[in-house]
Engineer: 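There's a structure below that I have some questions on.
Whatever order the structure lists ligands and atoms in, that order sets their numbers, starting from 1.
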Amino acid sequence: MTAETARPAGEWRGVELGSRVVDYTERDAILYALAVGAAAADLDLVFEERLRVLPTFALTLAQWAPDALGTRGAFDTRTAVHGSQRLEVLAPLPRSGSLAMTASVAEVWDKGSAAIFEVAVESDYFVATWALFAPGCGGFGGERGPSSPRRPEAAADHRLDVATAPNQAALYRLLGDRHHMHIDPAAAEAAGQPRPFLHGLCALAGTTLAVARRYGAHPADLRRLEGRFAAPVFPGDRLSVECWGADASAVAFGAAVAERAVLTGGTVSFG
Ligand SMILES: C/C=C/C(=O)SCCNC(=O)CCNC(=O)[C@H](O)C(C)(C)COP(=O)(O)OP(=O)(O)OC[C@H]1O[C@@H](n2cnc3c(N)ncnc32)[C@H](O)[C@@H]1OP(=O)(O)O
């Protein structure tokens, strides 16, 4: 055990995770769009002549930041999972280029048996926060932090069906998140799951695409996004998405697979 792994979870609060510049090409942006569920007919997302880059692609480029915290030993990377995500878009991503980012540990919440590490990433184009749910790291005497989001009580305004593909995690991981639990059955089992499960950000981005379509918004006009990964999504699952909201400027959403809630507390705005 290194000195950093011996550190109580609460002491990671405020730790700087450094800065990084990540390069990407139009090809990366197009592959990302396809990996999260864009169709061949979505020419603005998949054809270089008309390309607009999905803002959620930035989260893939920033994956180094939550990974840096795991690599430094804050938690066990075999069992920690992505718990929730927030994204605020500040400017459209260029079709290709270099993204400069800075990251730090914004908060650490003590859930008793687990800790939740919030990693904040800033750039000129977005600010985003990853919440990582780390079993076995709680009980350090910290604050409990936010509780589970509530489902709106009103009937949903729209219901959508979002299919995931059996090979979706295998494709999505090539964009940057190579955690083994998404591809290797033994690693998934070590994380407590019966088989490899889909990246939370892939399910969230695919759902966001479907919500944009239903509300007549362009997915590249995303302004804000938030959601909690309440249960794993397995590649090939079909998500039933419920949406609440009159127009694309403020939509709440949640998603379930059969009776299992998988995305909760979703909010998204386009404009
Ligand atoms: C490196 C990995 C990358 C990935 O992409 S992994 C794939 C995406 N993520 C997932 O598939 C995770 C799916 N979610 C889950 O499997 C479960 O969900 C959890 C294992 C994360 C938690 O489940 P449980 O241990 O049963 O937690 P509880 O007893 O329901 O709640 C304990 C406290 O933790 C808070 N909490 C629960 N889930 C989350 C979450 N997903 N994000 C943030 N906080 C969470 C609750 O509110 C509560 O706290 P309060 O008692 O204070 O309310």
Side-chain angles (χ1 to χ4, degrees), residues 9 17 32 35-36 56 59-60 62-87 106-121 128-151 164 168-184 187-208 225-237 239 254-257 260-267:
L17 297 171
Y32 171 81
V36 300
T56 47
L59 300 174
T60 308
Q63 183 62 37
W64 64 271
D67 286 353
L69 185 58
T71 305
R72 284 177 63 172
F75 47 75
D76 184 344
T77 54
R78 293 166 301 181
T79 54
V81 290
H82 193 173
S84 65
Q85 184 68 45
R86 292 198 296 273
L87 169 68
E107 288 291 353
V108 184
W109 303 115
D110 187 349
K111 297 296 187 183
S113 61
I116 293 180
F117 293 85
E118 291 195 355
V119 172
V121 178
T129 303
W130 280 246
L132 302 155
F133 187 98
C137 292
F140 55 88
E143 288 181 35
R144 206 168 169 89
S147 204
S148 299
R150 282 171 182 267
R151 179 184 180 278
T164 65
Q168 198 154 354
L171 177 61
Y172 181 87
R173 65 188 293 276
L174 300 178
L175 275 309
D177 183 337
R178 302 268 180 126
H179 286 279
H180 293 184
M181 56 184 71
H182 303 301
I183 188 83
D184 179 359
E189 198 177 321
Q193 299 304 330
R195 56 187 185 280
F197 48 111
L198 192 57
H199 305 72
L201 289 179
C202 182
L204 184 62
T207 301
T208 306
L225 175 64
E226 180 163 3
R228 178 184 279 207
F229 309 116
V233 173
F234 296 96
D237 277 349
L239 277 61
V257 174
R260 187 173 87 248
V262 292
L263 285 176
T264 57
T267 58

Engineer: Considering the heavy atoms of Arg144, write down every atom of ligand 1 situated less than 4.0 Å from one of them.
Structural biologist: 50 (P), 51 (O), 52 (O)
Engineer: Purely on distance, is any nitrogen or oxygen of Gln193 under 3.5 Å from one on ligand 1?
Structural biologist: no
Engineer: Under a 4.5 Å cut-off applied to non-hydrogen side-chain atoms, are Phe234 and Thr164 in contact?
Structural biologist: no
Engineer: Which residue and atom name correspond to the protein heavy atom nearest atom 48 (C) of ligand 1, and how close is it?
Structural biologist: Lys111 CD, 4.2 Å
Engineer: Keeping Arg173 on the side-chain end and His199 on the backbone end, is there a donor-acceptor pair under 3.5 Å?
Structural biologist: no
Engineer: How close do Ala9 and Cys137 get, heavy atom to heavy atom, and via which atoms?
Structural biologist: CB-O, 3.4 Å
Engineer: Salt bridge (Lys or Arg N to Asp or Glu O under 4.0 Å) with Arg144: which residues, sequence neighbours excluded?
Structural biologist: none
Engineer: Regarding ligand 1, does Phe197 bring an N or O atom to under 3.5 Å of one of the ligand's N or O atoms?
Structural biologist: no
Engineer: So, does Ala131 sit close enough to ligand 1 that a heavy atom of it is under 4.0 Å from the ligand?
Structural biologist: no
Engineer: Report the nearest protein non-hydrogen atom to atom 37 (C) of ligand 1: residue, atom name, distance rounded to 0.1 Å.
Structural biologist: Arg228 NH1, 3.5 Å
Engineer: So how far is it from Glu226 CD to Leu204 CG, rounded to the nearest 0.5 Å?
Structural biologist: 10.0 Å
Engineer: Just need the protein heavy atom nearest to atom 2 (C) of ligand 1, so name the residue and atom and give the distance.
Structural biologist: His82 N, 3.8 Å
Engineer: Please state which protein non-hydrogen atom is closest to atom 53 (O) of ligand 1 and give its distance, to 0.1 Å?
Structural biologist: Ser147 OG, 2.5 Å
Engineer: Quick one: which ligand 1 atoms are inside 4.0 Å of a heavy atom on Ile116?
Structural biologist: 43 (C), 44 (N), 45 (C)
Engineer: Are any of the side-chain heavy atoms of Thr56 and Leu201 separated by less than 4.5 Å?
Structural biologist: no
Engineer: Report the nearest protein non-hydrogen atom to atom 32 (C) of ligand 1: residue, atom name, distance rounded to 0.1 Å.
Structural biologist: Phe133 CE1, 4.4 Å
Engineer: Are there protein heavy-atom neighbours of atom 30 (O) of ligand 1 below 4.0 Å?
Structural biologist: no
Engineer: Hey, can you pull the donor-acceptor pairs under 3.5 Å for the side chains in residues 188-198, sequence neighbours left out?
Structural biologist:
none

Engineer: Please check: side-chain N/O of His180 versus main-chain N/O of His182, any donor-acceptor pairing under 3.5 Å?
Structural biologist: no
Engineer: Distance from Glu107 atom CD to Thr129 atom OG1, nearest 0.5 Å?
Structural biologist: 9.5 Å
Engineer: I want to confirm something. Looking only at heavy atoms, which of Gly265, Ala230, Ala231 is nearest to atom 17 (C) of ligand 1?
Structural biologist: Ala230
Engineer: Please write down residue, atom name and distance for the protein heavy atom closest to atom 5 (O) of ligand 1.
Structural biologist: Gly200 N, 3.1 Å
Engineer: May I ask whether Leu198 has any heavy atom positioned less than 4.0 angstrom from an atom of ligand 1?
Structural biologist: yes
Engineer: Does the protein come close to atom 26 (O) of ligand 1 - that is, does one of its heavy atoms sit below 4.0 Å from that atom?
Structural biologist: no
Engineer: When you measure from the heavy atoms of His182 to every atom of ligand 1, does any distance fall below 4.0 Å?
Structural biologist: yes
Engineer: For atom 11 (O) of ligand 1, what's the nearest protein heavy atom and its distance?
Structural biologist: Pro232 CA, 3.4 Å
Engineer: For atom CZ of Arg260, decide whether the heavy atoms of other residues, nucleotides or ligands shown that lie under 6.0 angstrom number more than 12.
Structural biologist: yes
Engineer: Identify the protein heavy atom lying closest to atom 13 (C) of ligand 1, giving its residue, its atom name and the separation to 0.1 Å.
Structural biologist: Phe229 O, 3.2 Å
Engineer: Under 3.5 Å, side chain of Asp110 to main-chain N/O of Gly139, donor-acceptor pair present?
Structural biologist: yes
Engineer: Check each atom of ligand 1 against the heavy atoms of His199 and keep those under 4.0 Å away; list them by number with element.
Structural biologist: 5 (O)
Engineer: Identify the two heavy atoms, one from Leu17 and one from Trp64, that lie closest to each other, and give their separation to 0.1 Å.
Structural biologist: O-CZ3, 3.7 Å
Engineer: Out of all atoms in ligand 1, which are within 4.0 Å of some heavy atom of Ser148? Include the element for each.
Structural biologist: 46 (C), 47 (O), 53 (O)
Engineer: Quick one: pull up CG in Leu132 and NE2 in His82 and give me the separation to the nearest 0.5 Å.
Structural biologist: 6.0 Å
Engineer: So for ligand 1, is Gly83 a polar contact partner (N or O within less than 3.5 Å, distance only)?
Structural biologist: yes
